[in-house]
Engineer: 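Please find one structure pasted underneath; my questions will follow.
Each chain gets a letter, A, B and so on, in the order its sequence line appears, and its residues count up from 1.
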2 protein chains.
Amino acid sequence: MTRVLVVDDEPQIVRALVINLKARTYEVDAAPDGATALELAAARHPDVVVLDLGLPDMDGVEVIKGLRGWTRVPILVLSARHTSDEKVEALDAGADDYVTKPFGMDELLARLRAAVRRAEPVGGGDGEVVVVETDGFTVDLAAKKVNRDGRDVRLTPTEWHLLEVLVRNGGRLVGQKQLLQEVWGPSYGTETNYLRVYMAQLRRKLEADPSHPRHFITEPGMGYRFER
Amino acid sequence: MTRVLVVDDEPQIVRALVINLKARTYEVDAAPDGATALELAAARHPDVVVLDLGLPDMDGVEVIKGLRGWTRVPILVLSARHTSDEKVEALDAGADDYVTKPFGMDELLARLRAAVRRAEPVGGGDGEVVVVETDGFTVDLAAKKVNRDGRDVRLTPTEWHLLEVLVRNGGRLVGQKQLLQEVWGPSYGTETNYLRVYMAQLRRKLEADPSHPRHFITEPGMGYRFER
DNA sequence: GCCCCTTTTGACGCGTTTCTGACGCCCCCG
DNA sequence: CGGGGGCGTCAGAAACGCGTCAAAAGGGGC
């Protein structure tokens, strides 16, 4: 869940933002002044900060600098000031975006999404499992590498593809038709002999005892299953 | 040097931007329409794109999508449209910022700086690798230099680009399509012969025994992998 | 306008991968 | 106890991808 820190001293603005953000399943913290904002940011590590420049206790730009001292969290500045100088100052202090009041909620939310999106790490595999380990070998799905007894195992494209599908469905039974179509393409639903040949290759390369497979299990008449 | 791609069909705007940007030592390319923009982006790999939405040949949002298909380069949208919907659409399509015309040059430049700044790699502490060393040669990603036996190795731009992609993905397999698109541009997904030619060049220049590569590994049918 | 470096393109041989058919085994079922 | 379907294994044939070389085309600098 994305966490937002809203910093503003006007309760009605905070309320409007909080309602809209929560409705879109953001997690929201709110701070009425700069000191609280810096404190909350440190304690809660928000994914994005919405910051009003007109705070009662300190200059908004100081808040930006305070944050930038230790974090690259996206900062979206809200302000009633329209002058160019104000904007330039805030942006150069480290803000990511600057929206003038009165603002449209839709636009603000879109800018928020943009700020959060570009802060996301590159690889899609965020919480995804990338390395699968068994007692005999290790499969690294990101690097497309298979390791056995400390040495890399060479797999052909088809072998790798088949392995990938099975491992990604670890523990589950994968039907022969599904397997065939995912590896060879949608028009290959019945060539089960392909499966037999390539499962044999995989077992020969990865199983300790290929004739008594412990990880690549055949479910007769149905399909195959990868077991860790 | 920071490279900017300006996309606008109004010559006077382009001129104003180019003058201001060059005065601040940016390197500037300009495109009058969407097709040229996509082409130039692929060829020149700008660090930031300034994009007018009102183009003669295609919808600006399509240009955004075209870019986002293969790159995360910051996109700063310029537009005469003030409506919230337009902004939301552009931002959600992948734009990073949205400035309405007429715009203040100071503000635009500040937003440009902000966009470039946050796209910068995490410097210093966070473990961004800049120098990669193997037993045969050293690659300095920041200085764009390769050293072998104490002397610099001359690489052509394409060779360097290819090397950079491989090294940045060190240890991971990089698919041929990905490699082609990152180095030659999004429309080059299938020209695998380019890869063969340039991998051979890299090996000849960097491998101790080019015919038995130890660092630039071919994974037949899939792609290439750089191993330290 | 000319020259040189880089990029693109085409052709060829070779090794590897994929496809294909044949055979025997095992297990389930009649 | 016999039959059959599904599975594993093997090996040869066809197809494909890779490395290599060389020449043409392109582009930038002088």
Engineer: Are the charged groups of Asp96(A) and Arg68(A) less than 4.0 angstrom apart, N to O?
Structural biologist: yes
Engineer: Using a strict cut-off of less than 4.0 Å between a Lys/Arg side-chain nitrogen and an Asp/Glu carboxylate oxygen, indicate whether Asp8(B) and Lys101(B) qualify as a salt bridge.
Structural biologist: yes
Engineer: Answer with base, sugar-phosphate or nothing: what part of the nucleic acid does Trp184(B) contact at a heavy-atom distance below 4.0 Å?
Structural biologist: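 Since only primed, P, OP1 and OP2 atoms lie under 4.0 Å of Trp184(B), the category is sugar-phosphate.
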Engineer: Classify the nucleic acid contact of Tyr224(A) as base, sugar-phosphate or nothing, counting any heavy atom under 4.0 Å across all strands shown.
Structural biologist: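 It contacts sugar-phosphate atoms only.
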Engineer: Determine: side-chain N/O of Arg196(A) to OP1/OP2 of dT9(D), distance under 4.0 Å, yes or no.
Structural biologist: no
Engineer: Are Asp97(B) and Arg111(B) within salt-bridge range, i.e. N to O under 4.0 Å?
Structural biologist: yes
Engineer: Under 6.0 Å between ring centres, would you say that holds for Phe216(A) and Tyr224(A)?
Structural biologist: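 No; Tyr224(A) has its ring centre 6.0 Å or more from that of Phe216(A).
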Engineer: Measure the distance from CD on Glu219(B) to C1' on dC18(D) and round it to the nearest whole Å.
Structural biologist: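 Checked: the CD to C1' distance equals 13 Å.
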Engineer: Closest-nucleotide mapping onto DNA chain C: is Thr156(A) or Tyr194(B) further toward the 5' terminus? I mean the 5' end.
Structural biologist: Tyr194(B)
Engineer: Assuming nearest nucleotide by heavy-atom distance, tell me which of Val197(A) and Val197(B) is located more 5' along DNA chain C.
Structural biologist: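 That would be Val197(B).
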Engineer: Is there a side-chain contact between Thr2(A) and Leu112(A), using heavy atoms and a 4.5 Å cut-off?
Structural biologist: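 A side-chain contact is absent here, since even the closest heavy-atom pair is not under 4.5 Å.
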Engineer: When you list every nucleotide of DNA chain C with an atom under 4.0 Å from a heavy atom of chain B, which one comes first 5' to 3', and which comes last?
Structural biologist: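 Listing 5' to 3', DNA chain C meets chain B from dT6(C) to dT9(C).
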Engineer: Give the rounded distance in Å between these two atoms: NE2 of His212(A) and P of dC7(D).
Structural biologist: 18 Å
Engineer: Please examine the side chains of Glu207(B) and His212(B), heavy atoms only from C-beta on, and report whether any two atoms are closer than 4.5 Å.
Structural biologist: no
Engineer: Nearest heavy atom decides the nucleotide; on that basis, is Pro220(B) or Arg204(B) closer to the 5' end of DNA chain D?
Structural biologist: Pro220(B)
Engineer: Tell me whether the side-chain N/O atoms of Thr218(A) come closer than 4.0 Å to OP1 or OP2 in dG6(D).
Structural biologist: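 Checking dG6(D) against Thr218(A), no side-chain N or O comes under 4.0 Å of OP1 or OP2.
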Engineer: Have a look at Thr192(A) and say if it touches a base, only the backbone sugar-phosphate, or nothing, with a 4.0 Å heavy-atom cut-off.
Structural biologist: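 No contact at all - Thr192(A) keeps every heavy atom at 4.0 Å or more from the nucleic acid.
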